[in-house]
Amino acid sequence: METGTIPIGELSGGLDLYRTLESGQTYCWRRSDDAMYTETPPGEAWYYTVVDGSPIRVRTTGRTLEWQSPIDAESLVRRLLRLDDDLEAIEAASPDDPLLTEAYEAHRGMRLVEDPPFECLVSFICSAQMRVSRIHSMVSTLAREYGTPLEWNDETYHSFPTPAQLASATEAELRDLGLGYRAPYVVRTAEMVADGEAHPAEARDLEYEPAREYLTRFVGVGDKVADCVLLFSLDFDEAVPLDTWIKSAIEEYYPECSQNGYAATSRAIREELGGQHAGYAQTYLFHHLRTGG
DNA sequence: ACCCAGGAAGTCT
DNA sequence: AGACTTCATGGG
């Protein structure tokens, strides 16, 4: 087993693993004490995920981030948790806005993540009209039912299913697993990727708005889910997903950004929240508003 | 404690 | 504009 430690003090802006992984931006990580979204901090518990067939687990002890994996996963951990993002610079460059400042101060150390594209895509297809805790349980169920089980450290970890594995599921099966009307969306999107018709990672090579447009070809993916994939998987930091929370924030705090149609409102709020890093601001606002800030 | 209405990181037709 | 699954949650 490979292990490593990363001093949190060396990271600009620090790292709050709990807020990073339980803020509703990623559904790719699970907690060894099975207590995600219970408002209980992880303590000594590990967060784990499986990437490209390798389990990885991380936790913070004191001011240190620990990781363990069968492989040397340090660079992977740095990428998944975006440890090299300069949080202090990002916050400093963000607009001097009372609500945003409050959100940044309330959730120090929260970082954006970089999820694997297909897993992120399916996660956010599942997210339509769902609470974050249920999205997490749905994604965990898909991994358990259709992913590949891996034995490591006397524990069983499940990879998230490949497109082909998920395409083998039927709509009826996924409905039985509680996905509701999202079931056919997930099956059809998995088939599209498995068949080579399209792949979410291909959007990485496009400009922002064409990339968003590209992703909406997947079934169950509109502008909002497309923005989530761009922001949480493909490093488009300017993407601002217009979900229910942000829409209500626009009405209350940024009424001048309320335009006719998604694209126009998107451009306005992106400008309002600082342009290139607007997605970071969005994630802080979302988490802050959703947790009653 | 039991019941029920409203709502949940929206998309499709 | 209306339909769509399911269910944890809060108010009565």
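All chains are named by letter (A, B, ...) in the order of the sequence lines, taking the proteins before the strands, and each is independently numbered beginning at 1. This one's a predicted model, so the numbers in the text were calculated from it and none came from an experiment. These values consider heavy atoms only, across backbone and side chains, with no hydrogens, waters or symmetry-generated copies.
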*Asks:* How long is the gap from CG on A/Leu142 to CG on A/Leu177, to the nearest 0.5 Å?
*Replies:*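 Going from CG on A/Leu142 over to CG on A/Leu177, the span is 7.0 Å.
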*Asks:* Can a cation-pi geometry be assigned to A/Arg57 and A/Trp46, taking NZ or CZ under 6.0 Å from the six-membered ring centre and within 45° of the ring axis?
*Replies:* yes
*Asks:* Any side-chain to backbone donor/acceptor pair from A/Arg63 onto A/Pro7? Under 3.5 Å, distance only.
*Replies:*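 Absent.
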*Asks:* With under 30° as parallel and over 60° as perpendicular, where do the rings of A/Phe236 and A/Tyr208 fit, or are they tilted in between?
*Replies:*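 A/Phe236 vs A/Tyr208 ring planes: tilted.
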*Asks:* Could you state the atom-to-atom distance from CD of A/Glu39 to C1' of C/dT9 in whole Å?
*Replies:*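 One finds 13 Å between C1' of C/dT9 and CD of A/Glu39, rounded.
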*Asks:* Quick check against the 3.5 Å criterion: does A/Glu22 have a side-chain atom that pairs as donor or acceptor with the backbone of A/Tyr37?
*Replies:* yes
*Asks:* Does the A/Tyr185 side chain pair with the main chain of A/Val122, one donor and one acceptor, at a distance under 3.5 Å?
*Replies:* no
*Asks:* Can you check the distance between C/dC7 and B/dC12, where both ends of the measurement are the P atom (answer in whole Å)?
*Replies:*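 To the nearest whole Å, 23 Å.
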*Asks:* Should the ring pair A/His136 and A/Tyr27 be called parallel, tilted or perpendicular, given that the plane angle runs from 0 to 90° and is split at 30 and 60?
*Replies:*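 Answer is tilted, since the angle falls between 30° and 60°.
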*Asks:* Can you check the distance between C/dG12 and B/dG7, where both ends of the measurement are the P atom (answer in whole Å)?
*Replies:*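 So the two P atoms sit 14 Å from each other.
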*Asks:* Say you pick atom P in B/dC3 and the same atom in C/dA8; how far apart are they, in whole Å?
*Replies:* 16 Å
*Asks:* May I have the step-by-step check of ring-ring contact (aromatic ring centres under 6.0 Å, His included) for A/Trp29 and A/Tyr48, ending in yes or no?
*Replies:* CA-CA 5 Å; A/Trp29 295 80; A/Tyr48 64 88; 8.6 Å; no
*Asks:* Tell me the stems DNA chain B sits in, counting at least three consecutive Watson-Crick or G-U wobble pairs, each under 3.5 Å on both distances.
*Replies:* B:2-5 with C:9-12, B:10-13 with C:1-4
*Asks:* Rounding to an integer number of angstrom, what distance separates C/dA1 and B/dA9 when you compare their C1' atoms?
*Replies:* 23 Å
*Asks:* At under 4.0 Å between heavy atoms, which parts of nucleotides 7-13 of chain B does protein reach? Answer with one letter per nucleotide, 5' to 3': B base, S sugar-phosphate only, - none.
*Replies:* BBBBBS-
